[in-house]
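The chain is numbered in sequence order, starting from 1. The shown structure was predicted, so the numbers you read here are calculated from the model rather than taken from an experiment.
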Amino acid sequence: MTSGRIWVAIAGVGALLAVALTVRTGAPGPAAVPDRLNLAITLKDMNGADVRLESFAGRPMLINLWATWCGPCRLETPQLVDLYGKFKERDLVVIGLSVDDTPDLIRAFAKEFSVPYPMLVGLGHEDFLAALGYSGGVPMTLFVKKDGTIAERVIGIATTMSMERRILALFE
């Protein structure tokens with residue numbers, strides 16, 4: 001391999017690493033996604049009730065995109081339940097947003113895991129999911145500051161400790 005090809009290979013690896021770090025740290029990647037959460041939407045919860053995201057304005061939020069068929073989501077949900085219990089007194093909003101499940105499947109999942117926070121139906125709201133930065137990978141968690149700024153997007157399962165650290169940063 002010539003030295004020119006080596007530098008091209010190194011540059012390619014560096015570019016891939018930069019993209020991977022961009023996705024992991026929550027900064028917008030090549031397809032720019034907004035840095036603020038659009039609260040001007042109403043979704044249905046698992047029981048068919050309307051949930052206006054505007055009703056959560058001014059509060060820090062953790063929005064977890066998930067699916068019933070997702071193994072890592074099933075592992076992460078008990079952590080989210082525990083974190084909700086730990087931070088609900090500090091007014092943290094936790095929302096589960098299923099990307100493609102029916103309300104019946106979501107209700108069964110919520111019952112199995114004793115989920116106390118709102119579980120919303122994302123099925124049929126692909127434009128909204130895409131605006132959040134969703135491109136097919138779950139779980140994906142958004143950490144949103146009180147002013148609606150999306151502080152971080154994490155794609156993939158996260159440890160309880162890393163989630164707690166990100167939640168605490170929302171209160172700063």
Side-chain angles (χ1 to χ4, degrees), residues 23 26 33-164 166-171:
V23 170
V33 291
D35 64 351
R36 293 184 81 58
L37 181 63
N38 176 10
L39 296 175
I41 188 165
T42 299
L43 300 169
K44 297 283 186 189
D45 73 7
M46 64 185 178
N47 297 311
D50 286 340
V51 176
R52 291 179 32 247
L53 292 187
E54 289 173 337
S55 68
F56 303 116
R59 296 169 62 190
M61 300 174 68
L62 180 158
I63 302 174
N64 181 254
L65 280 65
W66 64 280
T68 57
W69 47 262
C70 166
C73 300
R74 298 180 72 79
L75 293 172
E76 191 172 63
T77 299
Q79 296 176 132
L80 295 170
V81 169
D82 289 345
L83 289 167
Y84 172 77
K86 184 171 185 172
F87 288 99
K88 70 180 177 182
E89 296 299 320
R90 292 190 64 184
D91 220 17
L92 176 71
V93 174
V94 176
I95 295 174
L97 178 56
S98 171
V99 296
D100 62 3
D101 294 302
T102 64
D104 289 341
L105 291 172
I106 298 169
R107 278 192 302 274
F109 184 93
K111 182 178 180 181
E112 178 182 349
F113 290 97
S114 301
V115 176
Y117 50 82
M119 298 290 268
L120 306 182
V121 181
L123 185 64
H125 296 281
E126 289 75 20
D127 289 346
F128 177 67
L129 294 172
L132 295 176
Y134 172 70
S135 61
V138 287
M140 181 177 117
T141 306
L142 284 79
F143 296 86
V144 184
K145 294 181 180 180
K146 292 178 184 182
D147 67 358
T149 302
I150 299 172
E152 199 164 358
R153 287 178 184 83
V154 176
I155 299 170
I157 192 167
T159 65
T160 302
M161 186 184 305
S162 69
M163 282 190 168
E164 188 167 341
R166 290 176 170 102
I167 290 168
L168 288 170
L170 298 177
F171 294 102

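- We find the CD-CG distance between Glu76 and Leu83 to be 9.5 Å, quoted to the nearest 0.5 Å.
- The side chain to side chain contact (heavy atoms under 4.5 Å, CB included) search around Leu142 returns Ile63, Leu65, Leu132, Met140, Val144, Ile150, Arg153, not counting sequence neighbours.
- Judged by distance alone, the side chain of Glu164 and the main-chain N or O of Ser162 form no donor-acceptor pair under 3.5 Å.
- Looking at Gln79, its side chain does come within 3.5 Å of a backbone N or O of Thr160 through a donor-acceptor pair.
- Asn47 contributes no side-chain N or O that, together with a main-chain N or O of Ala49, makes up a donor-acceptor pair within less than 3.5 Å.
- Here the CZ-CG distance, from Phe143 to Leu37, works out to 13.5 Å after rounding to the nearest 0.5 Å.
- Of the listed residues (Val154, Leu80, Leu168), just one forms a side chain to side chain contact (heavy atoms under 4.5 Å, CB included) with Met163, and that residue is Leu80.
- Thr42 contributes atom OG1, which lies 10.5 Å from atom CG of Leu39 (distance to the nearest 0.5 angstrom).
- Counting only N and O atoms by type, the side chains of Thr149 and Asp147 include a donor and acceptor under 3.5 Å apart.
- The side-chain heavy atoms of Leu170 and Leu62, taken from C-beta on, include no pair separated by under 4.5 Å.
- For the pair Asp45/Pro118, no side-chain contact is recorded, criterion being any heavy-atom separation below 4.5 Å from C-beta on.
- Summarising the geometry, atom NZ belonging to Lys44 is positioned 3.5 Å from atom CG belonging to Asp50; distances are rounded to the nearest 0.5 Å.
- Atom CE of Met119 sits about 6.0 Å away from atom OG1 of Thr77, to the nearest 0.5 Å.
- For the atom pair CG of Asp100 and CG of Leu105, the computed distance is 9.5 Å after rounding to the nearest 0.5 Å.
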